[in-house]
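These notes are about the structure you will find just below.
Just so it is clear: chains get the letters A, B, ... in the order the sequence lines come, proteins before strands, and each one is counted from 1.
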There are 2 protein chains.
Amino acid sequence: MSKTKNHTTEEIILEAAKKIFQKKGLDGARMQEIADKAGINKSMLHYYYRSKQMLFEAVFNNAFSLLAPQLNTVLNDDSSIEDKIKNFTKDYITFIIKHPYLPSFIIHELNRNPEFINKMKEQIGFPNIDKFKNQVALEVENGTIKPIDAQQLFINIMALNIFPFIASPLIQGIIGLDKKSFKQLIEDRKTQVADFIINAIKN
Amino acid sequence: MSKTKNHTTEEIILEAAKKIFQKKGLDGARMQEIADKAGINKSMLHYYYRSKQMLFEAVFNNAFSLLAPQLNTVLNDDSSIEDKIKNFTKDYITFIIKHPYLPSFIIHELNRNPEFINKMKEQIGFPNIDKFKNQVALEVENGTIKPIDAQQLFINIMALNIFPFIASPLIQGIIGLDKKSFKQLIEDRKTQVADFIINAIKN
DNA sequence: CGTTAGTTTAACCATACGGTTGACAAATAT
DNA sequence: ATATTTGTCAACCGTATGGTTAAACTAACG
């Protein structure tokens, strides 16, 4: 926060905290563990971030600001609904493969602390559904897609894309797949999910 | 486990533990808090369940044995795919309204402890996808539904039904709904989700 | 080369937490 | 009636945990 290069330590801490918090959650994470992962003394965590809660919030904001733009491609982009669905599905899955703990982290912590979302709303870039609502209404009117509520459609798009990552242990257990086959299944979804949604709504 | 009426205390503890664990997770829950909610001394928890871990596992098994039969209606029922989807969607949403913390609880703890699923697999009634696979293959062959992989279809059904409950704070934040409107939105899904899926796969 | 401001560490501290113990009451068996 | 087992509690224990402190180190600058 102060001068020139706050790189190094402060960022190393954030990076280590990200890994630990996203894997173990606020409650499961230990300050000592974060310090160890960062290869520094525990006092440094407090020196740069004051408290566990504040360090956590830094991580959470950081994570949310990665996720939000992804959702905004569905909500605010200028392409047609069909293109949006195709692009989002492909991009989001690619994105999440790089950040596997991110969605379950955000969703779990939001469940434990629902008022968090209010703080997020203030920030610029927070996903807003208004434009998408208009677009759906328009495309329903001119007959490109079947009548559907924009909110429900948005939930469905999120659900089909995000859920498999959040529930992967459960899914792998039930379907009986090893890591590799599951990875392939997810890879297939890059196109399958889009087709599924488009079949569901196209006229 | 021992004699006749192990009601009262042992069950009171389980009930209290359920509430606390499902709301706060294994890491976030405190033994004292569970004891307080049960209105008894903390020693009783250890007297009946030995350790926090074991009490937690009792709660987890209990929760999972509620969820499993729900999933089995999709997998093992004798009705057509279309009927299964309609029934599951309606029943599952009704079910979850009664147990709102259940899906996020199971999914979060399974993420923190993926090997848990292996213990679950041993238990009778653990969901198995084999029958469903055959059924989908058959209905694809005779042309009732479009070609689709049974695994992907199963994931999609779960995703569309379960996700809205897991991610409800996020969804409510983005869509900008109060509790009441969100409840209505969920109510609408009892039929909308089934229609959506059937549109997507029906020939 | 001494001063100063920022950075890092080891040693501490207070408390919270899971778990144990021993005394005692209530129920059950003899 | 009395011994024995089972259930319940208050007090206690050892350790883990988030957080603090004071001293040492480093680098910039006069």
Side-chain angles (χ1 to χ4, degrees), chain A residues 1-63 105 108-109 112-113 116, chain B residues 1-63 105 108-109 112-113 115-116 119:
Chain A
M1 276 265 272
S2 44
K3 297 246 168 77
T4 39
K5 286 197 200 168
N6 289 55
H7 286 313
T8 45
T9 310
E10 191 169 348
E11 294 199 342
I12 289 171
I13 292 174
L14 195 68
E15 202 52 42
K18 224 189 262 187
K19 283 178 191 153
I20 303 290
F21 276 133
Q22 292 193 11
K23 202 187 258 175
K24 310 209 167 180
L26 171 57
D27 295 321
R30 299 294 140 216
M31 293 296 267
Q32 186 59 58
E33 201 183 357
I34 294 171
D36 290 348
K37 168 139 284 185
I40 53 157
N41 190 286
K42 184 161 65 86
S43 305
M44 288 289 92
L45 307 187
H46 293 99
Y47 181 74
Y48 284 104
Y49 294 92
R50 290 190 63 100
S51 69
K52 187 187 187 186
Q53 184 66 30
M54 280 173 150
L55 177 53
F56 172 79
E57 283 178 25
V59 170
F60 187 87
N61 285 333
N62 198 290
F105 170 67
H108 173 69
E109 299 300 341
R112 283 237 44 200
N113 226 321
F116 249 51
Chain B
M1 275 263 270
S2 46
K3 298 239 169 85
T4 38
K5 285 199 203 169
N6 288 55
H7 286 313
T8 44
T9 308
E10 190 168 349
E11 292 200 344
I12 288 170
I13 290 174
L14 195 69
E15 202 52 41
K18 225 188 262 187
K19 284 177 190 154
I20 303 290
F21 276 132
Q22 292 192 10
K23 203 187 260 177
K24 310 210 166 178
L26 172 57
D27 295 321
R30 298 296 145 218
M31 292 297 266
Q32 187 60 58
E33 202 183 357
I34 295 172
D36 289 349
K37 168 139 285 185
I40 53 157
N41 191 282
K42 184 160 66 87
S43 306
M44 289 288 92
L45 306 186
H46 293 97
Y47 182 75
Y48 284 104
Y49 293 93
R50 289 193 63 102
S51 69
K52 187 188 187 185
Q53 185 65 30
M54 280 174 150
L55 176 54
F56 172 79
E57 285 178 24
V59 169
F60 187 86
N61 285 333
N62 197 289
F105 170 68
H108 173 69
E109 299 301 338
R112 283 237 45 200
N113 225 322
E115 66 278 15
F116 248 53
K119 280 190 212 159

The side chain of [X] is closest to which nucleotide in this list: [options]?
X     : options               : answer
B/S43 : C/dA11, C/dT8, D/dC9  : D/dC9
A/K42 : D/dG18, C/dC17, D/dC9 : D/dG18
A/M44 : C/dC17, C/dT8, C/dG19 : C/dT8

Please report the distance, rounded to the nearest Å, between [atom1] in [X] and [atom2] in [N].
X     : N      : atom1 : atom2 : result
B/N41 : C/dC24 : CG    : C1'   : 13 Å
A/I40 : C/dT9  : CD1   : C1'   : 11 Å
B/E10 : D/dG7  : CD    : P     : 9 Å
B/H46 : C/dG18 : NE2   : C1'   : 5 Å
A/Q32 : D/dT15 : CD    : P     : 17 Å
B/R30 : D/dA16 : CZ    : P     : 15 Å
A/L26 : D/dT17 : CG    : C1'   : 13 Å
A/K52 : C/dT15 : NZ    : C1'   : 15 Å

So, is A/Y47 close to the D/dG19 phosphate, meaning a side-chain N or O under 4.0 Å from OP1 or OP2?
no
B/K23, B/K52, B/K24 screened by salt bridge (charged side-chain N to carboxylate O under 4.0 Å, His left out) with B/E33, the one that passes:
B/K24
Would you say the side chain of A/Q53 lies within less than 4.5 Å of the side chain of A/L26, judging by non-hydrogen atoms?
yes
Heavy atoms, side chains only, cut-off 4.5 Å: are A/F105 and A/F60 in contact?
yes
Any base atoms under 4.0 Å from A/A29, or only sugar-phosphate, or nothing? Heavy atoms, all strands.
sugar-phosphate
Give B/M31 one of three labels, base, sugar-phosphate or nothing, depending on what nucleic acid heavy atoms sit under 4.0 Å from its own.
sugar-phosphate
From B/K19 NZ over to B/I34 CD1, what is the distance, rounded to the nearest 0.5 angstrom?
12.0 Å
Looking only at side-chain N and O atoms, does A/N61 offer a donor or acceptor that is under 3.5 Å from a partner on A/E57?
no
